[in-house]
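Comments concern the structure below.
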Amino acid sequence: YSSAASDVYKRQIFTRPHGEQFRWGGKRFHDPYGGRGVEVCRKRRLSRRAFPCCRGRDWVLFASFLHLMIERFRETGILSGTFAMTRRCFFHVTMNTNQSLNSRGSHIVWVDFLRILACFLVVLAHCCDPFVGSFDGSFNFKSAVFWGSLVRPCVPLFAMISGVLLFPVTLEMGAFYSRRLKRVLVPLIVWSLALPLLYFGYFAAGVQTASPNIVMDTYTWSATVGKLYTFFFNFNYDTTPLWYVYMLVGLYLFMPIMSAWLTQARRKDVKIFLGIWIFSMTLPYIQMLAPALGYEGNYGNMGILGVCDWNPYGMFYNFSGFLGYMVLAHYLTKYPLAWSWKKTLSITIPLFLIGFAVTFFGFLETQKHFPGQYSKLEVLWYFSGINVFLMTFAIFTIVSRLRIKAGPVLSKVAALTFGVYLCHFFFVQCSYDFVNFIGLGRLPSAVKIPLMACLASAVSAALVWLLSLNRWTRKSIM
């Protein structure tokens, strides 16, 4: 078959530069005919494991030949009955969604690095919570606000990574939902049950904590049982990081629709959408300032631009949120910024510093006027706030220009990040108590926070790696 397929391959599928290297099945191959065979394999959902006798170039050639045969049979009406059944047996999906492959199947190394960075920033952000929760205005409080403000781009970076990897959606809507949702719904259910049980067992063992965020009355068995089914409505404190998974499901549901528009939209049209989205990020601050200008709200509701008790959806509701980050990432990937390194740094560094200054000093100033009021303080830490956007854009732009050498360690660690995100919150609590237990409780929070983040990240990664070794437990983290 190699000879026949090679002949067909050279005559009908040659579309790429000569001698291009490609990855398939976790290995690197050299295709003298260009590399088009890999796209054919992925398009037809062919698996190398379906044909163990084929290796390297022979596999690509055979897959291409089989693809052409099927298309010819379909055109002539021969494809039916038993042949169609055999075809369905051969074609099955083996793609690991934790690999940094874009919609065209190309591996993007800098995305691996960005995933690891974003994941560590998330862990670092949650390590700030016990110190920010004191609201005492001390040096430890301000240090925690400093770290917490510095890492705010963490979650938007995850959303932008999804935009790079998943846009444009090439699958039909049903197939996309089936593939993506099952990869997040199973972990959501598993960790919504596991985390409350871990917390209950932790405190039932007699561990004492000084964290102001922990209310011991909520860790009785009866309270824990309630958490095991109320996750159908929303997350609780024990499962705080899972708010992102709820939101991610909503993004996945809308992605095929947005992708259809992005595929045919002109560059100017996408820029208009992004402009409106960026403006929507200023609305929380406009709402905060409106009372100072005489705005009294409607029937006690202080919402603006159409928001009231019977309508939570304001004028720019459909343009706001994390979807804009995904569209922005797709735009920057499709239309890369033609900036030199000097211009890139001269623009992104000031943007990051401005965003950070607004976030950090704004939080401290808001604390003076609204002490301990999360509803006011969180406005400065909104992931969809204009200040956090400036920081996120800066980091994404710089990292996307880095020339990072591909390596198995980087790829394997990046594959663990989703699992680390799911389970790290419990180990943040453990690391907080452990640091105090070993006598480091008097360290300033400026030092304790990164120390806790390193401990929690390492333990979480070790657990996720162990879970990845079994095909059943692997489903809870990937």
Classify the ring geometry of Tyr246 against Phe235: parallel below 30°, tilted from 30° to 60°, perpendicular beyond 60°. tilted

His330: what forms a side-chain hydrogen bond (donor to acceptor under 3.5 Å, both in side chains) with it, not counting sequence neighbours? none

Tell me, which pairs form a side-chain hydrogen bond (donor to acceptor under 3.5 Å, both in side chains) where one or both residues lie in residues 191-212, sequence neighbours left out? Tyr202-Asp433, Thr209-Gln429, Thr209-Asp433

Can you list every pair that meets side-chain hydrogen bond (donor to acceptor under 3.5 Å, both in side chains) and has a residue in residues 299-309, with sequence neighbours left out? Asn301-Asp309

Taking only residues at least two apart or on different chains, which pairs with a member in residues 133-159 satisfy side-chain hydrogen bond (donor to acceptor under 3.5 Å, both in side chains)? Ser134-Asp136, Asp136-Ser138, Asn140-Ser445, Ser149-Trp381

Determine which pairs satisfy salt bridge (charged side-chain N to carboxylate O under 4.0 Å, His left out) with at least one residue from residues 360-385, sequence neighbours left out, and list them in order. Glu365-Lys368

Among residues at least two apart in sequence or on other chains, which ones pass side-chain hydrogen bond (donor to acceptor under 3.5 Å, both in side chains) with Thr220? Ser222

Partner set under side-chain hydrogen bond (donor to acceptor under 3.5 Å, both in side chains) for Tyr252, not counting sequence neighbours: Arg180

Which pairs with one or both residues in residues 453-478 pass side-chain hydrogen bond (donor to acceptor under 3.5 Å, both in side chains), sequence neighbours excluded? none

Can you tell me how far CG of Asn387 sits from OH of Tyr285, rounded to the nearest 0.5 angstrom? 3.0 Å

Any non-hydrogen side-chain atom of Leu402 less than 4.5 Å from a side-chain atom of Val109? no

With a 3.5 Å distance limit and no angle check, can you tell me whether Ser400 reaches the backbone of Thr397 through a side-chain donor-acceptor pair? yes

On a heavy-atom basis, the closest approach of Tyr374 and Gly133 is OH-CA, 4.0 Å

Would you mind reporting whether Trp261 and Val270 have side-chain heavy atoms less than 4.5 Å apart? yes

Backbone N or O of Met255 within a donor-acceptor pair of the Ser259 side chain at under 3.5 Å? no

Once rounded to the nearest 0.5 Å, what's the spacing between atom CG of Leu463 and atom CD1 of Ile477? 8.0 Å

Are the side chains of Phe396 and Leu157 in touch, meaning some heavy atoms are under 4.5 Å apart? yes

Is there a side-chain contact (heavy atoms from CB on, under 4.5 Å) between Leu337 and Thr344? Walk through the geometry before answering. CA-CA 9 Å; Leu337 298 172; Thr344 299; over 6 Å; no

Quick one: pull up CG in Leu416 and CZ in Arg115 and give me the separation to the nearest 0.5 Å. 9.0 Å

Taking only residues at least two apart or on different chains, which pairs with a member in residues 223-245 satisfy salt bridge (charged side-chain N to carboxylate O under 4.0 Å, His left out)? Lys227-Asp238

Least distance between heavy atoms, Ala144 atom then Cys128 atom: O-SG, 3.6 Å

Considering the options Val388, Ile161, Leu328, which one meets the side chain to side chain contact (heavy atoms under 4.5 Å, CB included) requirement together with Pro156? Val388

If you look at every heavy atom in Lys448 and Leu440, which pair is closest and at what distance? CD-O, 3.8 Å

Derivation and outcome, side-chain contact (heavy atoms from CB on, under 4.5 Å), residues Phe389 and Ser384: CA-CA 7 Å; Phe389 160 74; Ser384 55; over 6 Å; no

Test side-chain contact (heavy atoms from CB on, under 4.5 Å) applied to Val409 - qualifying residues, sequence neighbours left out: Val413

For residues Leu422 and Phe418, determine if any side-chain heavy atom of one lies less than 4.5 Å from a side-chain heavy atom of the other. yes

Inter-residue atom distance Tyr219.OH - Asp217.CG, 0.5 Å rounding: 11.0 Å

Sub-4.5 Å side-chain heavy-atom contact between Tyr237 and Val215: no

Quick one: are the ring centres of Phe131 and Tyr432 less than 6.0 Å apart? yes

Would you say Val379 and Thr366 make side-chain contact, with heavy atoms under 4.5 Å? no

Test side-chain contact (heavy atoms from CB on, under 4.5 Å) on Phe231 and Thr239 and set out the steps. CA-CA 9 Å; Phe231 78 88; Thr239 60; 5.8 Å; no

Straight-line distance of Leu150 CG to Leu124 CG, nearest 0.5 Å: 8.0 Å

What is the ring orientation for Phe352 with Phe356, classed by angle as parallel under 30°, tilted 30 to 60°, or perpendicular over 60°? parallel

Look at the side chain of Glu296 and the backbone N and O of Pro291, then say whether any donor-acceptor pair between them is shorter than 3.5 Å. no

Between side-chain atoms of residues 314-325 and protein atoms elsewhere (two or more places apart, or another chain), which donor-acceptor pairs fall under 3.5 Å?
{"from": "Ser320", "atom 1": "OG", "to": "Tyr317", "atom 2": "O", "distance (Å)": "2.8"}
{"from": "Tyr325", "atom 1": "OH", "to": "Phe383", "atom 2": "O", "distance (Å)": "2.7"}

Around Phe437, counting heavy atoms of other residues, nucleotides and ligands shown, do more than 12 lie under 6.0 Å from its CZ? no

Could you walk me through whether Phe363 and Phe146 pass the ring-ring contact (aromatic ring centres under 6.0 Å, His included) test, one step at a time? CA-CA 9 Å; Phe363 191 98; Phe146 175 87; over 10 Å; no

Do Met258 and Phe273 make a side-chain contact, defined as non-hydrogen atoms from C-beta onward lying under 4.5 Å apart? yes

Taking every non-hydrogen atom, the tightest pair across Val420 and Cys119: CG1-SG, 3.6 Å

Evaluate side-chain contact (heavy atoms from CB on, under 4.5 Å) for Leu455 paired with Phe427, printing each intermediate quantity in order. CA-CA 8 Å; Leu455 289 173; Phe427 295 109; over 6 Å; no

Strictly by salt bridge (charged side-chain N to carboxylate O under 4.0 Å, His left out), give each pair with a member in residues 245-256 just once, sequence neighbours left out. none

So do Gln287 and Leu305 actually touch side chain to side chain, heavy atoms under 4.5 Å? no

Check the angle between the aromatic planes of His126 and Phe425 and answer parallel, tilted or perpendicular using the 30° and 60° thresholds. perpendicular

Contact summary for Asp112 and Ala414, nearest pair of heavy atoms: OD1-CB, 3.5 Å

What is the distance from atom CE of Met391 to atom CG of Leu353, rounded to the nearest 0.5 Å? 9.0 Å

Between Leu193 and Leu228, which heavy-atom pair has the shortest distance, and what is it? CD2-O, 3.2 Å

